[in-house]
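Computed from a prediction, not measured in an experiment: that's the story for all the values here. Just so we're on the same page: letters track the sequence lines, and every chain starts at 1.
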Amino acid sequence: MPTDPKNPSGASTINGTDAVDSRRKPGAAEKSWEEKTLVPTLAKSPERASKFTTVSSYPIRRLYTPADLSGWDEDRDLGLPGEPPYTRGIHPTMYRTRLWTMRQFAGFGTAEDTNQRFRYLLAQGQTGLSVAFDLPTLMGYDSDHALSEGEVGKCGVAISSLADMEVLFDKIPIADVSTSMTINSPAAVIWAMYLAVAEKQGADWKKIAGTLQNDILKEYIAQKEYIYPPEPSMRLVIDTIEFGAKHTPKFNVISISGYHIREAGSTAIQELAFTLRDGIEYVDWALRRGMNIDEFAPRLSFFFNAHSDFFEEIAKYRAARRIWHKTMTERYGAKNARSWALRFHTQTAGCSLTAQQPYNNVVRTALQALAAVLGGTQSLHTNSLDEAWALPTEFAATLALRTQQIIAHESGVTNTVDPLGGSYFVEALTNEVEAGAWDYIRKIDALGGMVAAIERGYPQREIADAAYQYQMEVDRKEKIVVGVNDYFTKENPLDILQIDESVAHRQAERLAKLRAERSSDEVARRLDGLRIASQGKENLMPYIYDAVKAYATLGEICDAMKVAFGIYDEVAIT
Amino acid sequence: MSEKRIRVLIAKPGLDGHDRGAKIIARALRDAGMEVIYTGLRQTPEMIASAAAQEDVDVIGLSILSGAHNTLGPRLMELLREKGMGDVCVVIGGIIPEADIPALKKVGIAEIFLPGTPTQAIVDFIRSRISAAPSKA
């Protein structure tokens, strides 16, 4: 980063950032340090840059002191762990009692292939499962649909019916393993398949644990895996929240996700703000359905990215808990403490992985995972070193899991709760990230809520601008990415996982067999039931469950709802 | 000076919705003075080929991160040849294993840009290809 020619020493902006500097009131000791120690030093050896910023281009000052915490109240803003406002974490003892859940996202090929990988990961000490579905499944198409060609089993596992789901969980006891499922538009259908397998295995729905991503808003904002327009999609989400509150009290029916927003190129503050404002939107819709806040809020869970800027990420997680506590108590008057505490999963940043010198990704991922742990995550996925090339090999996936185990058992950071609490820098940054997020939340409130903001393209545009700005900074080498725009070496290609087209053929054969063997009258009858119910206002979960049990396929069920719901097409913003 | 501006179609084929790269490239090429048409998401090779014909583009940029490149790339090239547009410069950006690159080049894909490519490298490549090619009257 070039030194500012007008201000080579940086000495006139003593703490490095003008806007905040004007509000800072340094004490006598700091003033004297500036005068006697800092200014002469800067005159002799100027700093490396005129401005220091986070990966989100947020300005960072030279030194943080009590002057950066004016107005900050330790009891009110920091508190103690397990108590409001949960800045220090949602459990009083955090990882001293129980480590985070090590949950590696996995899925590829057919249900048999992924079942094998799951059983391998459980044998390696992984403590929860996380299913990655392929693109046709994510978009509600069967493996034998024309648009599925070339995509079956590529980004995840292909699941077209209950028969596939039965294979996926073969010899895996749903009663004992918590499973997270990354599925959104067709989440209700996939969840119904999972519940049907649970029932077959004899697992009690009241006791099964797991998480359904089921966050459609961030699909319109960032990841773009939508089928229906926002209104009917939100209805489906609320249907699952309502069904879950009644039947599966230990299952997180939604994981409100900033991960994909960040991967799309947002800043840390945008990730935080858009995610929590999405959370507010789901709460508003559930309340409108007539639910009571404390009946469903304890089952809302969140999912954040762990990007490369260590302290910015930690500040983000701490601010998230504080904002959600305030939202639950002040905006909604929630009475149950379990509604107040924001629980979250974290995944290290896929977008930070480089195709160049892929072994460097192990180091990036370790640092990102450490930030997630110091930020108090409840569960964690660490990416594999080869993911800028393909889905991970078993070797790479194992190394990623080992990274978490080393942090948990060797680094010592789990010995005490919130080891960074009280750091001038961490507390000041937590305050600033929180303030930045509230600005966005207020802006979206003023636009009439998140659905209205999405329809206007507001969050989409903010993210696209941030993504472009970051790319330009990397292109201009204002931000260094090791191995990408500096520190080059020539290297040999990695051994990567290849998925061939035989997966698609095997899936097509299995579907043909299924269609021939099931009772087509029964399937048609149940799909008709769902089609008619979609036109009304009833909760659709029981209808979807019925159709799933008769082995109606994912594509057939999603199509049945299309009649009433229509499909969504975005206006692309570039 | 009435130099004809280079016309580029940026397309996202297949079911994947991760459009960060496609949007950044669209903007970078536009900032570099090219005329850019972005198709939006979920375009079949057929839709892309007919959009390319309709818009009379010099370049097609495909963004593929889903692993479907071995199906989608060759299909598009076949369709372009059928339409007599075999001379359009087609490039792919995305997550493409190195082992797949020779086969993609063999069917006529001009270049594959992997993660980490500076936008300027793509601008330079397109300029060199288009100025070297005989102009399409």
Side-chain angles (χ1 to χ4, degrees), chain A residues 108 134-136 138-139 141 146-155 219 222-226 260 263-265 351 353-356 386-391 460 463-465 467-468 470-472 474-477 481 483-485 493-494 496-501 504 569-574, chain B residues 8 10-32 36-47 64-76 93-101 112-123:
Chain A
F108 62 94
D134 71 357
L135 274 166
L138 293 170
M139 292 299 298
Y141 295 115
L147 290 175
S148 303
E149 206 190 333
E151 319 245 32
V152 178
K154 290 282 164 66
C155 298
E219 295 298 335
Q223 192 173 233
K224 314 288 173 76
E225 283 153 9
Y226 39 67
H260 320 79
E263 291 290 298
C351 64
L353 301 181
T354 65
Q356 297 78 11
D386 51 359
E387 292 189 64
W389 288 107
L391 258 53
Q460 298 96 309
I463 296 167
D465 287 348
Y468 192 66
Y470 174 75
Q471 183 61 43
M472 292 303 107
V474 171
D475 281 3
R476 291 191 299 259
K477 286 195 173 201
V481 182
V484 171
N485 62 3
L494 284 175
I496 59 166
L497 183 75
Q498 294 271 21
I499 315 275
D500 59 40
E501 292 306 316
D569 239 336
E570 73 161 7
V571 180
I573 291 157
T574 57
Chain B
V8 186
I10 297 293
K12 265 300 279 180
L15 297 179
D16 177 35
H18 290 84
D19 56 3
R20 175 177 180 170
K23 285 157 84 168
I24 285 177
I25 298 302
R27 197 142 149 186
L29 298 182
R30 202 172 287 146
D31 283 357
V36 179
I37 303 116
Y38 173 48
T39 61
L41 298 171
R42 309 215 165 82
Q43 304 291 303
T44 60
E46 287 75 11
M47 291 156 87
I64 311 178
L65 292 82
S66 67
H69 49 271
N70 291 331
T71 306
L72 298 169
R75 172 79 54 81
L76 175 67
I95 300 196
I96 313 288
E98 267 172 352
D100 294 347
I101 293 175
I112 317 291
F113 296 105
L114 297 178
T117 307
T119 55
Q120 190 59 43
I122 299 168
V123 170

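In this structure, CD1 in I25(B) is found 7.0 Å from CD in Q471(A), a value given to the nearest 0.5 Å. Atom-to-atom distance recorded for Q223(A):CD and R20(B):CZ is 13.5 Å, nearest 0.5 angstrom. We find the CG-OH distance between L41(B) and Y226(A) to be 4.5 Å, quoted to the nearest 0.5 Å.
Residue contact with chain A, scored on non-hydrogen atoms closer than 4.5 Å, is absent for I10(B). Contact of N70(B) with chain A is not made at all, since no heavy-atom distance falls under 4.5 Å. Using a 4.5 Å cut-off between heavy atoms, E263(A) contacts chain B through its backbone alone, with no side-chain atom that close. Both the backbone and the side chain of E98(B) come within contact range of chain A, each with at least one heavy atom under 4.5 Å from a heavy atom of that chain. Contact annotation for T39(B): neither backbone nor side-chain heavy atoms come within less than 4.5 Å of a heavy atom of chain A. Looking at E570(A), the atoms closer than 4.5 Å to chain B (heavy atoms on both sides) all sit in the side chain, from C-beta outward. Both the backbone and the side chain of A28(B) come within contact range of chain A, with heavy atoms under 4.5 Å apart. Proximity to chain A (any heavy atom under 4.5 Å) is shown, for I24(B), by both the backbone and the side chain.
Judged by distance alone, the side chain of Q356(A) and the main-chain N or O of P115(B) form a donor-acceptor pair under 3.5 Å.
A heavy-atom distance below 4.5 Å is found between the side chains of T71(B) and E501(A).
Listed options A355(A), G265(A), C351(A) were ranked by heavy-atom pairs under 4.5 angstrom with chain B; first place goes to G265(A). Interface check for chain A: of the options L65(B), D16(B), T44(B), the most heavy-atom pairs under 4.5 Å are formed by D16(B).
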* Check the pair R75(B), E149(A) against side chain to side chain contact (heavy atoms under 4.5 Å, CB included), reporting the backbone distance first and the verdict last. => CA-CA 11 Å; R75(B) 172 79 54 81; E149(A) 206 190 333; 3.2 Å; yes
